[in-house]
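Only this structure's heavy atoms are used, side chains among them; waters, hydrogens and symmetry mates stay out.
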Amino acid sequence: MAFGVASFFGRLGAPRGRALAALGVGGALLGAALLFRELVDPRLATRIEPSSADLLLARGQSLGLALVALAAVFGSVARLTTLRGGALAALALATTPAFFVHSRSATPDMASMASFALVMAGAALGVAREGEAPAVRALGAALAAAGLALGARRFGVVVVGAPLAAGAASAAASRLGGETPRLAWPARVGVALGLALSVAALVAATRGTAAGWLLGAGEHRGAPATFDVALIHVGYTLIPWAIAIPLAAASGPTGAGGRFLALASAFGLGAHALATSRGATSPLAATPAVVAWIGAALAARDDRPRAAPTLAGVAALALAVVVGRDLQASPERIGVALGAVPPAELSAHAEPVVRALRVGAAGAAVVVVVALLAPRVGLARGVVAFAGLVAIGLGLRVAVYPALLRRLSPGEAYEVYARARRPGEALGVLGVDRAALGGVAVVPLTSAGGAADWLAGAATTRRYVAVSRPELARLNAEVRTRRGGNVAVLAGEGASVLLAVSRLEPGESSVSPFDRIVLGAPPPGLRAAGVTFGDRLTVVGWRITSPAGKPLAALEARTPARLQVVLRVAGSSPLRGYCTFLHVDHTPVRYAFEQRTHAYPMDLWRDGDVIVDDLPVDLPAHFGKGRYAAHFGVGELPCNDDRRMPVTSGGHDGHDRAQLGALEVR
């Protein structure tokens, strides 16, 4: 890293270069200390215990593959363009969220980027030069073969072999342009690979036996994805560097090397889109090529953009706006982009992460626009863009990505299990990829009912279940059906994987999110209501709280709050096809909120459950100081009309809305 920094700023003079090299060494040492702290943090990734040989091997593989990917990207770009470009590309890769998450997770997903980077490095070494030693080309062929062997079976030859196709296309373009083709063996291998894939595609079309070999046998999970999933992967796995793609398009390096990097990025993204169309969920394998292209563009000595800079700036701004708005609307897509299966439910737990990523995307857009359009002020635009983007990337890497990984990693759940278990106490997994635990011996559980039975089967010892957040609600309902109480959760609050246990020991407490939602009896301090809907739901009472849960006597003007309606459930049949709603009447426009999806789904509400329905109250500005009538109801989905569950007893307004009382605004 120190060498890369010094080479990047080397033209500023030897004294400055040495000073920056010293700064780079200090930064490398600081980074090593930070990496060590992260590796022993169970919330960031599964901590290595002396007895966990399988886990140590899995984590070591991820870290080793990460280093391989960094070295391959640096070598590729340095070979094709400049040392400065290689340093930038490696640094950009190290500050992407996909690289951070998968280099610290005991999963095989880091292999997709490493295998792609190896094939790209092999193709880069195939660039013929005057007097080039045959051993160099042989090394390139060996690297490409190693990359294909590493990633073809799991991620598909089409995906990891894209750099070879890019080499063939680049050589063809050179020949058509009257240039001497410089990519000799990659061109031949690429053409041969294309022919082989064509034959395999025919076999796959007739017999269906080669599809897995082409697009990855290990990645066919779930239904085929829509076309925009590949765009989501690009936008999120490369933050903030994704915003610089228009800059790379406008200022990318010229010559055979620059053309190869651009084609490798394009071919890699196209292959990834093809794989995701079949339900693939691996991280973006083409990440090394894209960041290599961006790094080479930023390091280019030519300071004038070669393509329309205004159009590129507009494209960067548009990309930042799309990514920012999409992050706000669907934060769970971060999990989709990073290969979380099933996608982590981040909506209620990742607001600081989402906000920081949106700020990072906006900042990157500003940096790119300045680099493209602002006049030169003593430094090249590439230097300005590099400094700004790397500052944003490092800031996100230190302050944001660890928080994101805490929510995606099963590390905390496994750490608590390893600390609390006694000899003979087993760990089951429900909705969790067993590869995420690095080969640790587990009991696979296929359904929430089976997991509840397995927990209930513990007699003298305890049993544990690592459960994904989407499966926790159904597991909780099955446990309540069997013993009348919520499932105990020892760890994982706010994360995508939680640790359930068959029973709590003295001194332990549950951190289940449902302990505040599904109760056995109404909580104290309620304002009485006593209204029944359809002999199924009775409004026991209600209360006002702050967003943090502190009880309030009244609302503060223009200040968000929560209104918690406590319901008692009756009847054995599931409640399906309903929503709940809150109306606060006022003229000319009332406040209305429809709760179409509940943290604890309505179809899991059982006879005798006491449910706390937490509804937001954010009154518009025209609600001044005063008292306003509040009504609660149960509507029929999609809850955009007046079809409602009838009120069968208690105070109501004649329109099947329960009269809660008056909300006072101060």
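- In this structure, Thr538 contributes its side chain and Thr532 its backbone to no donor-acceptor pair below 3.5 Å.
- The heavy-atom pair separating Glu594 from Cys639 by the smallest distance is CG-O, 3.9 Å.
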Inset, instruction - Under the side chain to side chain donor-acceptor pair (under 3.5 Å) rule, what do Ser512 and Asn486 come out as? Steps first, then yes or no, please. - result: CA-CA 8 Å; Ser512 171; Asn486 292 332; 5.5 Å; no
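- At most 12 non-hydrogen atoms from other residues, nucleotides or ligands lie less than 6.0 angstrom from CZ of Arg325.
- Checking side-chain atoms of Trp605 against main-chain N and O of Tyr600 turns up a donor-acceptor pair under 3.5 Å.
- Looking at heavy atoms from C-beta onward, Thr580 lies out of side-chain contact with Val565 at the 4.5 angstrom threshold.
- Within the 4.5 Å cutoff, no side-chain heavy atoms of Leu499 are placed close to those of Val489.
- With contacts defined as side-chain heavy-atom distances shorter than 4.5 Å, the pair Phe514/Leu475 does not qualify.
- Of the possible donor and acceptor atoms, none in the side chain of Arg543 sits under 3.5 Å from a partner among the backbone N and O of Gly525.
- Side-chain atoms of Arg606 come within 3.5 Å of backbone atoms of Leu604 as a donor-acceptor pair (strictly under, hydrogens ignored).
- For the pair Phe632/Leu615, a side-chain contact is recorded, criterion being any heavy-atom separation below 4.5 Å from C-beta on.
- Between Trp241 and Thr95, some side-chain heavy-atom pair lies under the 4.5 Å cut-off.
- Checked by atom type and distance alone, the side chain of Arg516 never pairs as donor or acceptor with a backbone atom of Val612 at under 3.5 Å.
- In this structure, Thr481 contributes its side chain and Val479 its backbone to no donor-acceptor pair below 3.5 Å.
- Between Tyr628 and His586, the angle of the ring planes goes over 60°, which puts this pair in the perpendicular group of the 30/60° scheme.
- Taking 4.5 Å as the limit, every side-chain heavy atom of Arg422 sits out of range of all side-chain heavy atoms of Arg462.
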Inset, instruction - Assess whether salt bridge (charged side-chain N to carboxylate O under 4.0 Å, His left out) is satisfied between Arg474 and Asp603, documenting all intermediate values. - result: CA-CA 10 Å; Arg474 196 158 297 279; Asp603 64 337; 3.6 Å; yes
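- Side-chain atoms of Arg643 come within 3.5 Å of backbone N or O of Leu637 as a donor-acceptor pair.
- For Arg558, the CZ atom counts as loosely surrounded, since its 6.0 Å shell holds 12 or fewer non-hydrogen atoms of other residues, nucleotides or ligands.
- Contact of the Leu498 side chain with the Val511 side chain is not registered, since no non-hydrogen atoms from C-beta on lie closer than 4.5 Å.
- Checked by atom type and distance alone, the side chain of Asp609 never pairs as donor or acceptor with a backbone atom of Ile611 at under 3.5 Å.
- Judged by distance alone, the side chain of Asp585 and the main-chain N or O of Arg590 form no donor-acceptor pair under 3.5 Å.
- Inter-residue side-chain proximity for Val101 and Tyr401 is flagged as unmet; no heavy-atom pair is nearer than 4.5 Å.
- Counting only distance, with no hydrogens or angles, the side chain of Arg397 and the backbone of Ala94 share no donor-acceptor pair below 3.5 Å.
- For residues 559-572, the set of pairs meeting the salt bridge (charged side-chain N to carboxylate O under 4.0 Å, His left out) definition, not counting sequence neighbours, comprises Arg562-Asp614.
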